[in-house]
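Read through the structure below, which is laid out as structure tokens, and then see the notes.
The shown structure was predicted, so the numbers you read here are calculated from the model rather than taken from an experiment.
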Amino acid sequence: MAEIKYQLIQANDDKHIAIIADWYLKEWNIPIATTIDKTRNLSGAYHEFQVLMMLDDEPIATGGLYQHVGILDNVPRLGVYKNWLALVYTKPDYRGQGLGTLICKYIAAHAKQLGLTEMHLFTHTAARLYQRLGWQQVERLALGGKDIVVMKKQLEESDLL
């Protein structure tokens with residue numbers, strides 16, 4: 001039976017940071033140097049972290065919790081929201097199997113362990129998925145021709161793994 005493990009990425013984990021950077025380039029055209037720099041400079045003091053999901057020691061998914069996400073560059077007023085779940089990615093061959101849900105639950109559980117009480121995200125493609133995971137819409141806006149939903153999740157004891 002396959003075994004799923006989670007690994008918090010450390011600033012010196014060049015091998016896994018490079019894998020994540022390649023995924024983000026292919027999926028969202030985020031420059032490799034941008035991902036490497038951002039991942040190496042995540043601040044534990046601000047509860048930022050990146051998680052890698054491994055299936056039998058093969059990296060298959062990632063995501064993280066950040067204080068700055070791209071939408072804040074375009075809509076600075078959204079800076080009132082903190083603790084952004086972002087850049088959740090699953091390798092194409094593994095999509096549709098619930099792994100995105102599992103990594104989101106892991107990120108929420110880790111955030112709760114860090115003492116956080118809520119998280120935020122924005123999406124234009126997966127609002128229904130996040131609603132099923134306990135997220136609530138806080139606002140909607142049009143940006144770049146997309147209908148963006150900003151969502152919030154209150155972290156509860158039940159979010160702990």
Could you measure the distance from the [atom1] atom of [X] to the [atom2] atom of [Y]? Nearest 0.5 Å is fine.
| X | Y | atom1 | atom2 | value |
| --- | --- | --- | --- | --- |
| I17 | D22 | CD1 | CG | 14.0 Å |
| M151 | L85 | CE | CG | 11.0 Å |
| R128 | T123 | CZ | OG1 | 11.5 Å |
| F49 | L65 | CZ | CG | 4.5 Å |
| I9 | R40 | CD1 | CZ | 12.0 Å |
| L42 | H47 | CG | NE2 | 13.5 Å |

* Keeping the roles fixed (side chain from Q137, backbone from V150), state whether a donor-acceptor pair exists under 3.5 Å. =>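 No, Q137 side chain to V150 backbone: no donor-acceptor pair under 3.5 Å.
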Do the side-chain N and O atoms of [X] and [Y] include a donor-acceptor pair separated by under 3.5 angstrom?
| X | Y | result |
| --- | --- | --- |
| Y94 | E58 | yes |
| T62 | Q50 | yes |
| N83 | E48 | no |

Heavy-atom check, side chain of [X] versus side chain of [Y], under 4.5 Å:
| X | Y | answer |
| --- | --- | --- |
| L116 | L155 | yes |
| W135 | M119 | yes |
| E139 | Y81 | yes |
| F122 | V69 | yes |
| Q7 | H16 | yes |
| M54 | I4 | no |
| L102 | Y6 | yes |
| I71 | I148 | yes |

Give a yes or no on whether [X] and [Y] share a hydrophobic cluster (residues Ile, Leu, Val, Met, Phe, Trp, Tyr; joining criterion: side-chain heavy atoms under 4.5 Å apart).
| X | Y | value |
| --- | --- | --- |
| Y106 | L114 | yes |
| I20 | M53 | no |
| I60 | Y24 | no |
| V88 | W84 | no |
| L72 | V149 | no |

With the threshold set at 4.0 Å, does a side-chain nitrogen-carboxylate oxygen contact exist between [X] and [Y]?
| X | Y | value |
| --- | --- | --- |
| K112 | E156 | no |
| D56 | K5 | no |
| E27 | R95 | yes |

* Does the pair K105 and L133 meet the rule for a side-chain contact (heavy atoms from CB on, under 4.5 Å), with working shown? -> CA-CA 8 Å; K105 286 182 176 183; L133 296 177; 3.9 Å; yes
* Ring center gap for Y89 and W23 short of 6.0 angstrom ->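 Here the rings of W23 and Y89 have centres that are less than 6.0 Å from each other.
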* Asked: So, for P59 and I19, which heavy atoms are closest and what is the spacing to 0.1 Å?
  ->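 Smallest heavy-atom distance, with atoms named: CG-CD1, 3.9 Å.
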May I have the list of side-chain donor-acceptor pairs in residues 28-39 shorter than 3.5 Å, sequence neighbours left out?
from: D37; atom 1: OD1; to: N41; atom 2: ND2; distance (Å): 2.9
from: K38; atom 1: NZ; to: H68; atom 2: O; distance (Å): 2.9
from: T39; atom 1: OG1; to: T35; atom 2: O; distance (Å): 2.7

* Asked: Could you go step by step and tell me if K82 and E118 meet the salt bridge (Lys or Arg N to Asp or Glu O under 4.0 Å) rule?
  -> CA-CA 8 Å; K82 306 294 181 209; E118 65 183 23; over 6 Å; no
